[in-house]
Each structure stands twice: as C-alpha cells, then as structure tokens.
Amino acid sequence: AENTVILDGTGVKRALTRIAHEVLEKNKGVDGLVLVGIRTGGVHLAQELGARLSEIEGVEIPVGAVDITMYRDDIKGHHEHLPVGKTELPFSVEGKKVVLVDDVLFTGRTIRAAMDAIFDQGRPSCIQLAVLVDRGHRDLPIRADFVGRNVPTSRSENIMVAFDADNKPTEVILQK
Ligand code: 5GP
Ligand code: MG
C-alpha cells in the first residue's frame, strides 16, 4: 500500500486557521454562531476551529457534538447492535447559525443524518458545513461551505486523519 501525505501538521493548522477566517467572513463575525462536530474526528476539529474563532473574536463559541450512528440510512435496521452514540448539544440550536464540522466528506449520508439530528433539537436559521477533506463520491446533493483540501480518491482508497493524545490533528494521509 502506498501512502501520500496530503497535509502535515503545519498544513492542518493552516487549513483550520484559513477556515476560521472564512467562517468569520461569511457570517460577518460569530453572532449566533454555534459549532457542531460529528463524532469523533469532527468533534476534535470543531474544538480546534472553536479555539481559533475565540482567539480571533475574543468570545467563546459554543461547541456541541452529534453522533449519527442511528441515523445513517444505509445502517438503520441492519446494525442494531451498534453502540448508540450520544448527541450532546449543550445549547439550543433554535434560530442559530450552525456550522457542522467533520473530518472527511464522502457520500454525504453522514451529513444528511447529522442535519436530521440537529433538526430533532430545533430549527436553526441556517446550517453550514466545514470539512477537513472532501474526497468526492457524493450520493446526495450536499457540498461543503469550507474545505481544508479537496482530495480526488477512488472509492477503495482511504483518507487517514491522525490525532495526537490531546485530540489535536497531526496529519492527513491518503492510503492507496
Ligand atoms: P459519508 O457519510 O459522507 O459517506 O462519509 C463521511 C463519514 O465517514 C465521516 O464522518 C468520516 O469520518 C467517515 N469517512 C468516510 N470516508 C472516510 C475516509 O476516507 N477517511 C476517514 N478518516 N473517514 C471517512
Ligand atoms: Mg466520522
């Protein structure tokens, strides 16, 4: 198997910093903004993004987590034994601008399910999507508003997003 480094540690940091600035530009600041990470990689990245937004704007940004295990339309009914993850939104999403955060965007089914989970909790004014890697192969009409890297892949390839013991992203590797 052949591995290609897509982003090294510095590259990941720069991508997240750029995305933080893009989020601020698109939303004209952080008013009414909340971050929701998709377990587990997306939550770590949402924390990183939140830290950058707080640093730039000087206010805390609420960060929540959704686990979409039970919502995946291609899993439902087939894997009842899967552990049920928790959706932890320690804030109301009603009327909020929600920025969904995930590590890798592939078919789009996880994001569709995450939007279902969010709408179960309330009605946001909008939902935007930030991903570290868009690897293509969408099955649904879903696209990311903020992308770290677009990485053309074959369906059999895998993107590895590595995190250290403190859940900080360390690198992104394409595994052939
Ligand atoms: P989708 O639902 O879009 O098909 O897949 C996206 C979800 O599956 C994300 O939550 C992501 O973590 C995971 N995923 C899909 N493909 C990859 C991949 O190549 N690498 C990693 N690390 N996660 C992936
Ligand atoms: Mg995931």
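Residue indices begin at 1 and follow the sequence shown. Whatever order the structure lists ligands and atoms in, that order sets their numbers, starting from 1.
- Of the N or O atoms in Val161, none lie within a sub-3.5 Å distance of an N or O in ligand 1.
- Listed by atom number, the atoms of ligand 1 under 4.0 Å from Val104 heavy atoms are 6 (C), 7 (C), 9 (C), 11 (C), 16 (N), 17 (C), 18 (C), 20 (N), 21 (C), 22 (N), 23 (N), 24 (C).
- Residue contact check: Asn158 has heavy atoms under 4.0 Å from atoms 18 (C), 19 (O), 20 (N) of ligand 1.
- Taking only non-hydrogen atoms, the option from Thr40, Val131, Ile159 nearest to atom 19 (O) of ligand 1 is Ile159.
- Within ligand 1, the atoms closer than 4.0 Å to a non-hydrogen atom of Thr107 are 1 (P), 2 (O), 3 (O), 4 (O), numbered from 1 in the order shown.
- Partners of His21 by ring pair (Phe, Tyr, Trp, His ring centres under 6.0 Å), not counting sequence neighbours: none found.
- Side-chain atoms of Asp145 come within 3.5 Å of backbone N or O of Leu129 as a donor-acceptor pair.
- Met160 does not count as a contact of ligand 1, since none of its heavy atoms falls under 4.0 Å from the ligand.
- A salt bridge links Glu48 and Lys168; the closest N-O separation between the charged side-chain nitrogens and carboxylate oxygens is under 4.0 Å.
- In summary, the atoms of ligand 1 found under 4.0 Å from a heavy atom of Arg135, numbered by their order in the structure, are 16 (N), 18 (C), 19 (O).
- At least one heavy atom of Gly108 sits under 4.0 Å from some atom of ligand 1.
- Using a 4.0 Å cut-off between charged nitrogen and carboxylate oxygen, Arg155 and Asp139 count as a salt-bridge pair.
- The backbone N or O of Arg123 sits less than 3.5 Å from a side-chain atom of Glu94, completing a donor-acceptor pair.
- In this structure, Lys97 places its NZ atom where more than 12 heavy-atom neighbours from other residues, nucleotides or ligands lie under 6.0 Å away.
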